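These notes concern the structure reproduced below.
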Amino acid sequence: MPVTASPNVPPAELHKVINSWFQENARDLPWRRSCSAWGILVSEIMLQQTPVVRVQPVWEQWLARWPAPADFAAAPAAEVLRAWGKLGYPRRALRLHAAAAEIVEKHRGTVPDNYPELLALPGVGTYTAAAVAAFAFGRRTTVVDTNIRRVHARLVIGQALPAPALTAAETTLATDLLPEDDAESVLWNAAVMELGAVICTARSPKCGQCPVLEQCAWIAAGQPEPTYIPKGQPWAGTDRQVRGAVMAVLRAASSPIHADLLWDAEAAKRHAEVAPELGKLHKLNTHAPQLERALAGLVVDGLAQLTDAGYHLPN
DNA sequence: TACTCGTGGTG
DNA sequence: TCACCAAGAGT
């Protein structure tokens, strides 16, 4: 049970200071300008575990190409996955595709404007449902993302980092801190996220630029070290790395890739189209069982299909 | 609950 | 350099 330090600061004061800071310093992101609810939803899905700088150009392309859910729902899955490019976690693209289909079928092509209906969409969890309800529809909802969790952990609790997994106590705290006024609550959610993303960062927080340095429980406690060791994310040699390399090959290919090509570096050179990506795959020196697992996993997840002609993106 | 699922910038 | 990290969701 972590020791919780009382902030001993009236929430209203935090609201005023952080919201003012946000209005002066908010980054000019395209989905923060006049933007459809669909645009907000797309941005939130893309931003799941993917930095803003990589999302922005792809988001611009997507909204120009598929300005409404119905446009997107009508696109072939293969095109969706190619357009997703290297954002990572391509299952998100398929889930957004499925969500668009549901929006067309069950919501007359309009993004639902409330938390429960948003939460029911594929790929939309508690964070994304709350974020879209707030940022697209101005609703007062408790938004809890990794940035907000970290700001709360430091500013209010006095710890260097939040717990490894989201706890009920954190959601309760976020709800307790939420301004009563709808518009102010929307601003607050965006402002705390921004503070965590720009100032109160995970590794090297810019405390010298923080608008609430004086009120920070973590600073008051002498900036204690984290009480646990953050768990690493192994990558080299993992199945995930192989899956990613195979997906890169399939995205580059305009026709099915025979399984032999995935092994034969010499044959691969005759296919200029996919040669670079195949080269990267071969460079991994993947063991046969590992490649088999990766391929099977991609098929199970609907990211790839296997026909007589070989592996290809789903139709 | 703990694990899986991509990708690339960066301190 | 290399481990960490990023507007999480699903199982």
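Within every chain, numbering begins at 1; the chains are lettered A, B, ... in the order of the sequence lines, protein sequences first and strands thereafter. Any value given below was found using the heavy atoms of this structure, including those in side chains, with hydrogens, waters and symmetry copies removed. Because the structure is predicted, anything quoted here is derived from the model rather than measured.
Contact between the side-chain N/O atoms of Gln49(A) and the OP1/OP2 oxygens of dG8(C) is found at a separation under 4.0 Å. For the OP1/OP2 pair of dG6(B) and a distance below 4.0 Å, the side-chain nitrogens and oxygens of Lys86(A) include no atom meeting the criterion. Taking 4.0 angstrom as the limit, Arg293(A) places none of its side-chain polar atoms (N or O) nearer than this to OP1 or OP2 of dT4(B). For dG8(C), the OP1/OP2 oxygens have no side-chain nitrogen or oxygen of Arg149(A) closer than 4.0 Å. OP1 or OP2 of dG6(B) lies within a sub-4.0 Å distance of a side-chain N or O belonging to Arg243(A). At dC5(C), none of the side-chain N or O atoms of Lys231(A) fall inside 4.0 Å of OP1 or OP2 (strictly under the cut-off). Taking side-chain N and O atoms only, Thr128(A) has a distance below 4.0 Å to OP1 or OP2 of dA9(C).
Atom CG in Leu166(A) sits about 10 Å away from atom P in dT1(B), given to the nearest Å. As rounded to whole Å, 14 Å separates atom P of dC5(C) from atom OH of Tyr89(A). Regarding Arg240(A), its CZ atom lies at a distance of 16 Å from the P atom of dA9(C), rounded to whole Å. Put simply, CD on Gln241(A) is 13 Å from P on dC5(B), counting in whole angstrom units. Distance CG (Leu81(A)) to C1' (dT7(B)): 15 Å, rounded to an integer number of Å. Computed from coordinates, the Asp301(A) CG to dG6(B) P distance equals 7 Å when rounded to whole Å. Rounding to whole angstrom units, CD1 of residue Ile229(A) and C1' of dC4(C) are separated by 13 Å. One atom, NZ of Lys280(A), and another, C1' of dG8(B), lie 12 Å apart when rounded to the nearest Å.
As judged by a 4.0 angstrom heavy-atom cut-off over every strand, Val124(A) is placed among residues touching the sugar-phosphate backbone only. Leu94(A) comes within 4.0 angstrom of nothing in the nucleic acid, heavy atoms only. No engagement by Trp84(A) is indicated, since no non-hydrogen atom pair under 4.0 Å with the nucleic acid exists. Residue-level contact check: Arg95(A) touches the backbone only, with heavy atoms under 4.0 Å from sugar-phosphate atoms and none from bases. In this structure, Pro164(A) reaches neither bases nor backbone, as no heavy-atom distance under 4.0 Å exists between it and the strands shown. Nucleic acid contact class of Ala202(A) (heavy atoms, under 4.0 Å, all strands): sugar-phosphate only. Within the 4.0 angstrom heavy-atom criterion, base atoms lie near Gly88(A). Heavy atoms of Thr146(A) sit under 4.0 angstrom from primed sugar atoms or phosphate atoms, though from no base atom.
Proximity note for Ser204(A) (side chain, C-beta onward) versus dA7(C), dC5(C), dG11(B): the nearest is dG11(B). Distance from the side chain of Arg150(A) is smallest for dA6(C) among the nucleotides dT7(B), dA6(C), dA9(C). The side chain of Tyr127(A) sits closest to dA7(C) out of dA7(C), dT7(B), dT4(B).
Side-chain contact between Leu41(A) and Thr128(A) is present, with heavy atoms from C-beta onward closer than 4.5 Å. Glu117(A) has its side chain out of reach of Lys106(A): every pair of non-hydrogen atoms, C-beta onward, lies at least 4.5 Å apart.
Between Phe72(A) and Trp38(A), the ring center distance clears the sub-6.0 Å criterion.
Distance alone, capped at 3.5 Å, is enough to place a donor-acceptor pair between the Arg92(A) side chain and the Gln48(A) backbone. With hydrogens and angles disregarded, a donor-acceptor distance shorter than 3.5 Å links the side chain of His282(A) to the backbone of Leu262(A). Side chain of Trp218(A) to backbone of Gly222(A): no donor-acceptor contact under 3.5 angstrom is found.
Annotation: dA7(C) and dG11(B) have their P atoms spaced 14 Å apart (nearest Å). Going from the P atom of dC3(B) to that of dC4(C) covers 16 Å, rounded to whole Å. Annotation: dT11(C) and dG6(B) have their P atoms spaced 15 Å apart (nearest Å).
For Gln233(A) and Ala129(A), each mapped to the nucleotide of DNA chain C holding its nearest heavy atom, the one lying further toward the 5' end belongs to Gln233(A). For the pair Ala248(A) and Ala165(A), nearest-nucleotide mapping onto DNA chain B gives the more 5' position to Ala165(A). Residue-to-nucleotide proximity on DNA chain C shows that, of Leu119(A) and Glu44(A), the 5′-proximal contact is made by Glu44(A).
Not a single donor-acceptor pair, N or O on each side, falls under 3.5 Å between the base of dC5(C) and the side chain of Arg203(A). One can find a donor-acceptor pair under 3.5 Å joining the base of dG6(B) and the side-chain atoms of Thr50(A).
Salt-bridge annotation for Lys280(A) and Glu277(A): present, with a side-chain N of the basic residue lying under 4.0 Å from a carboxylate O of the acidic one.
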(request) Let me see the working for Asp71(A) and Arg65(A) under salt bridge (charged side-chain N to carboxylate O under 4.0 Å, His left out), right down to the final yes or no. (result) CA-CA 8 Å; Asp71(A) 304 315; Arg65(A) 183 173 181 181; over 6 Å; no
